[in-house]
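Here's the structure, in C-alpha cells; my notes come after.
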Amino acid sequence: MVEVDGPSMVPTLEHGDWLLVRYGARVRPGDVVVLRHPFQQDLLVVKRAVERREGGWWVLGDNAFAGGDSTVYGVVPPAMVLARVTARLRPRQAAGPGREPVRGVRATLGWAYSAVRPVRSDVSLSRRLRAR
C-alpha cells in the first residue's frame, strides 16, 4: 500500500488516496506506476508511464499544472520504476474540518461504491489533459 501525497495525478488520484501496488510487475504504456524520483532517490512518486523510449519510460502526471514529471527530468530508467498501481482506496470523508466521518447506511453505501476502484491504463487521458 502507498499513500498519495499531492495533486499531480488529479483527477485519477487525489491527495490522501491509498494505492494497492504490485512491486516488480510488468509495466505497459498507460499504467500508473510508483517510481524513484530521478533527482531525489529517497522520494517515491506516482506517475503514468506514457511510453517506452530509449533509456526508459516517459512518465507524466495526469494534472498538467502540477509538474514534476518527465517534462522536467526526462526519461526514467526502468530500474527506477518500482511498482504498478492496481487499485485505489479513497478514504471516507469527514463532514467538515476536525469532525468525525459521515455515518449512516446511505453515506456508507455511497462511500463503498466509489471508494475502491481499479486504476486503469488510459494514455488518452494524459494526452487529453496535456493538450489543454
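Below, all heavy atoms of this structure are taken into account, side chains as well, without hydrogens, waters or symmetry copies. Everything numeric here is computed off the predicted structure, so don't read it as measured data.
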Closest approach of [X] to [Y] (non-hydrogen atoms, all atoms of both residues):
| X | Y | answer |
| --- | --- | --- |
| G6 | H15 | N-ND1, 2.9 Å |
| L89 | P91 | O-CD, 3.5 Å |
| P78 | G55 | CD-O, 3.7 Å |

Under 4.5 Å between any side-chain heavy atoms of [X] and [Y], yes or no?
| X | Y | result |
| --- | --- | --- |
| R26 | R84 | no |
| L82 | Y23 | yes |
| V75 | W57 | no |
| V46 | L19 | yes |
| W58 | T71 | yes |
| V81 | V76 | yes |

Exercise for the section: Salt-bridge test for D69 and K47: reply yes if a basic N is under 4.0 Å from a carboxylate O, no otherwise. Expected result: no

Problem - Ionic contact status for R48 with D31, cut-off 4.0 Å - result: no

Problem - CZ (R52) with more than 12 external heavy atoms under 6.0 Å - result: yes

Exercise for the section: Please say which of L20, V4, T12, L13 ends up in a side-chain contact (heavy atoms from CB on, under 4.5 Å) with R88. Expected result: L13

Exercise for the section: Taking D62 for its side chain and P11 for its backbone only, find out whether a donor-acceptor pair lies under 3.5 Å. Expected result: no

Exercise for the section: Please confirm whether the backbone N or O of V59 pairs with a side-chain atom of S70, one donor and one acceptor, at under 3.5 Å? Expected result: yes

Acceptor/donor pairs from residues 35-45 side chains to any protein atom, 3.5 angstrom cut, sequence neighbours excluded:
residue: R36; atom: NH1; partner: Q41; partner atom: O; Å: 3.1
residue: H37; atom: ND1; partner: F39; partner atom: N; Å: 3.0
residue: H37; atom: ND1; partner: Q40; partner atom: N; Å: 3.3

